[in-house]
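These notes are about the structure you will find just below.
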2 protein chains.
Amino acid sequence: MAGSVNIKDVARHAGVSVGTVSNVLNRTDRVRSDTRARVEAAIAELHFVRNESARQLRAQRSRIAGVLVLDITNPFFTEVARGVEDVLGAAGLSVVLCDSDTDEDRQDRYIQLLTEQRVQGVLVVPVGPIDRQVTRLRRQGISVVLLDSEAPEGLACSVSVDDVGGGRSAVQHLLALGHRRVAFVGGKGRESQVADRAKGAHVAFLQHDEPGAELVSVTARALTIEGGYEAATQLLGMPEAHRPTAAFCSNDLLALGMLRELSAEGVSVPDDFSIVGYDDIDFAAAATVPLSSVRQPARDLGQLAGELLLEEASGLAHEHRQAVLGTELVVRASTAPPRRKSARRARRA
Amino acid sequence: MAGSVNIKDVARHAGVSVGTVSNVLNRTDRVRSDTRARVEAAIAELHFVRNESARQLRAQRSRIAGVLVLDITNPFFTEVARGVEDVLGAAGLSVVLCDSDTDEDRQDRYIQLLTEQRVQGVLVVPVGPIDRQVTRLRRQGISVVLLDSEAPEGLACSVSVDDVGGGRSAVQHLLALGHRRVAFVGGKGRESQVADRAKGAHVAFLQHDEPGAELVSVTARALTIEGGYEAATQLLGMPEAHRPTAAFCSNDLLALGMLRELSAEGVSVPDDFSIVGYDDIDFAAAATVPLSSVRQPARDLGQLAGELLLEEASGLAHEHRQAVLGTELVVRASTAPPRRKSARRARRA
DNA sequence: CTGAAAGCGCTTACAG
DNA sequence: CTGAAAGCGCTTACAG
């Protein structure tokens with residue numbers, strides 16, 4: 001029968017009790033070396049693999065942590081996951097990755113799954129308000145850290161990024177270059193990250209205080225490359241007099257999609273149009289018009305979150321902390337001063 | 001106490017036996033509706049969440065499948081994972097994603113983890129020979145499907161891609177454009193996929209049968225954007241007389257990295273150098289010199305693998321099948337005929 | 001339709 | 001250092 005070798009079989013085969021086999025597995029030093037050798041031989045011969053469900057049920061603790069992200073195909077989030085894995089892996093925890101696809105139902109299903117599994121901890125990039133889910137996880141003794149989103153004080157540890165500051169730096173850069181009409185490109189979702197980046201964009205405009213300057217909001221179906229194509233089409237559909245000369249995209253996927261679509265339509269970046277992205281994923285620098293982007297410390301973010309989770313799970317005195325990491329505007333080739341109208345006409349003639 | 005509400009508490013609270021609570025959870029139709037209502041109320045009031053370890057231990061089956069990929073930051077693999085999730089999610093299985101990072105030790109650790117968890121099935125993109133691990137999983141009653149790699153007949157189901165054909169089509173394209181010296185860019189690893197793509201490249205050369213045509217092998221540290229930078233540097237370091245005029249990169253990450261580095265060094269793509277990638281990830285089309293690439297049906301691959309897993313796990317008569325999907329060369333802007341030497345000199349003058 | 005009881009495969013005090 | 005036994009939280013025939 002498949003899966004039928006258990007600790008009892010091993011005990012019988014090695015001529016010891018099951019308790020001794022368990023000791024070999026969990027507290028090796030308590031077992032005399034010749035006994036241990038016999039047990040290990042039996043384990044190998046019988047191809048015994050411990051049943052983790054049984055172990056966990058009895059021992060009341062899991063060695064797994066779950067990471068739940070918004071979009072597994074976005075390299076920003078997988079880089080965050082790698083940061084988590086750096087830290088938790090070193091501590092002997094295994095990390096499994098789950099993809100909510102920015103869908104609250106899917107998020108909640110995965111949280112339910114992880115709760116039923118009684119994992120050691122959950123690190124989640126939330127879709128919408130998450131307080132209730134955090135409380136439910138805690139009630140089952142599961143540690144929770146919010147990723148890329150600031151937790152209300154007292155609720156949980158979190159590691160987020162100063163998205164208001166990041167958005168501000170992006171738009172300040174465009175304004176400083178001389179752009180007057182700037183598009184902010186977001187999505188249909190209500191992720192707090194995107195809202196904060198939009199807020200930062202507004203703050204930059206307020207501080208700039210130039211009469212007539214205009215921040216235009218553009219909404220893509222999703223924060224994806226596809227969404228960037230679509231946003232570009234929206235921009236190109238605007239009457240030229242009102243059309244922005246630059247866009248701040250709320251992530252790099254959007255920015256790369258927009259870059260591609262504008263180029264395909266003969267709009268040159270940055271000569272005719274400037275673009276700033278957000279995240280600074282590897283593909284941003286690798287674009288052949290290298291993308292100016294607001295860099296988030298993705299891996300650090302994951303690592304710090306992993307550390308906070310370990311601290312909480314250790315059971316020692318623990319006070320929830322909300323870490324906020326800074327961003328860095330990386331200026332590359334996709335941003336330049338707007339072309340002056342006269343110059344443009346001259347060139348066209 | 002955290003995590004202390006169990007099925008017994010619910011039973012007591014609802015005034016029924018634990019068996020009845022379990023029936024409400026698992027075989028709702030066997031319970032009279034008023035009893036069910038009382039139990040459900042108790043579950044809600046006490047915030048009961050079933051302990052999946054206990055359920056699984058007793059019921060001897062898991063509702064989880066694991067997907068193990070080579071590089072979670074590569075959108076090709078996450079797209080495959082989404083395909084798997086499409087199919088398994090619909091069947092009520094949850095999918096957790098694990099990242100071997102092309103490291104055999106990490107792969108084996110994750111396989112061990114999934115085995116101890118007694119998951120329902122594992123879908124794995126293998127690093128190196130995997131026969132032993134497949135046997136071990138089967139022995140525990142765990143279904144296995146190989147992803148993106150052809151299984152030896154009889155060992156397991158697999159869904160792979162005709163990488164020899166894909167490699168051949170890429171290089172045929174370059175040869176047909178008139179390139180005579182072509183680089184094949186692979187990595188240090190010994191993934192069968194890359195070996196097959198290299199083989200396809202060789203086949204194309206043999207079929208082309210043009211004396212003096214040369215296939216140059218370039219080895220990057222890893223199949224990443226970073227690796228592409230490095231490979232480009234290697235190419236630029238070659239004496240011009242021997243330097244290839246085109247490269248076939250064994251994935252798009254390499255190709256995008258190479259594209260970027262060559263552009264940065266003033267080598268124009270495709271005027272001075274042609275590049276073909278592999279995978280056709282979304283970033284390939286979105287590059288501003290849109291990348292010619294060999295398209296793999298990533299999502300289909302994952303979906304088909306998911307279906308094969310379900311079939312195997314269903315316990316019905318099952319014969320292992322090895323599906324091989326085709327590729328499609330997508331020609332975009334990164335490939336062109338080589339510039340003739342004289343023209344090049346003329347332009348420089 | 002409901003309850004009582006066995007048992008899934010482990011770990012962990014407790015004796016000896 | 002080793003063994004016997006209790007029990008983790010469930011599910012599932014089996015009676016009634």
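Since the structure is predicted, the reported quantities are computational estimates derived from the model, not experimental observations. Just so we're on the same page: letters track the sequence lines, and every chain starts at 1.
One atom, NZ of B:K8, and another, C1' of C:dA5, lie 13 Å apart when rounded to the nearest Å. If you measure from atom CG of B:N23 to atom P of D:dA15, you get 17 Å, rounded to the nearest angstrom. Following rounding to the nearest Å, B:R61 (CZ) and D:dC10 (C1') show an atom-to-atom distance of 12 Å. Rounded to a whole Å, the CD atom of B:Q117 is 20 Å from the P atom of C:dC8. Taking atom CG of A:L57 as the reference point, atom P of C:dC10 lies 12 Å away to the nearest angstrom. One interatomic measurement links the two molecules: CZ of B:R38 to C1' of C:dC1, which rounds to 12 Å at whole-angstrom precision. B:E52 has its CD atom 17 Å from the P atom of C:dC10, to the nearest Å. For the pair A:L25 CG and C:dC10 C1', the interatomic distance rounds to 10 Å; values are reported in whole Å.
Closest to the A:R32 side chain, of the nucleotides D:dA13, D:dG3, D:dT2, is D:dT2. Side chain of B:R55, nearest nucleotide from D:dT12, C:dC10, D:dT11: D:dT11. Considering only side-chain atoms of B:R58, the nucleotide from C:dT2, D:dT12, C:dT12 that sits closest is D:dT12. You'll find that the side chain of B:A54 is closest to D:dG9, out of C:dT11, D:dG9, D:dG3.
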**Request:** Begin from the C-alpha positions of A:Q112 and A:E116 and carry the test side chain to side chain donor-acceptor pair (under 3.5 Å) through to its verdict.
**Result:** CA-CA 6 Å; A:Q112 177 71 18; A:E116 292 181 352; 3.0 Å; yes
**Request:** Mind running side chain to side chain contact (heavy atoms under 4.5 Å, CB included) on B:L123 and B:L88 for me, showing each step along the way?
**Result:** CA-CA 11 Å; B:L123 301 102; B:L88 297 192; 4.1 Å; yes
**Request:** Determine, stepwise, if the pair B:Q140 / A:H47 fulfils side chain to side chain contact (heavy atoms under 4.5 Å, CB included).
**Result:** CA-CA 9 Å; B:Q140 304 295 340; A:H47 301 291; 5.5 Å; no
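For the OP1/OP2 pair of C:dG3 and a distance below 4.0 Å, the side-chain nitrogens and oxygens of B:T20 include at least one atom meeting the criterion. Residue B:Q60 places no side-chain N or O under 4.0 Å from the OP1 or OP2 atom of D:dC10. For B:Q56, no side-chain nitrogen or oxygen approaches OP1 or OP2 of D:dG9 to under 4.0 Å. Considering only side-chain N and O atoms, A:N51 lies nowhere under 4.0 angstrom from the phosphate OP1 or OP2 of C:dC10. An OP1 or OP2 oxygen of D:dT2 is reached within less than 4.0 angstrom by a side-chain nitrogen or oxygen of A:T35. For the pair A:R50 and C:dG9, the criterion of a side-chain N or O lying under 4.0 Å from OP1 or OP2 is not met. Phosphate contact (OP1/OP2 of D:dA13, side-chain N/O of B:R27, threshold under 4.0 Å): absent.
Of the residues near DNA chain D, A:D34 and A:V18, the one whose nearest nucleotide (by heavy atom distance) lies more toward the 5' end is A:D34.
Under 3.5 Å, the side chains of A:Q303 and A:E307 contain no donor-acceptor pair of N or O atoms.
Annotation for A:R321: atom CZ does not count as buried by contact number, only 12 or fewer foreign heavy atoms lying within 6.0 Å.
For DNA chain C, the stems formed by at least three consecutive Watson-Crick or G-U pairs, with both atom-pair distances below 3.5 Å, span C:1-3 with D:14-16, C:5-12 with D:5-12, C:14-16 with D:1-3.
Not a single donor-acceptor pair under 3.5 Å links the side chain of B:N23 to the backbone N or O of B:R30.
B:I43 pairs with exactly one of B:D9, B:L25, B:V5, B:I7 by the side chain to side chain contact (heavy atoms under 4.5 Å, CB included) rule, that one being B:L25.
Within the nucleic acid shown, A:V21 has no heavy atom closer than 4.0 Å to any nucleic acid atom. Among the protein residues, B:R36 comes within range of no part of the nucleic acid, since none of its heavy atoms lies under 4.0 Å from any strand.
Closest of all the heavy-atom pairs between A:S17 and A:A11 is C-CB, 3.7 Å.
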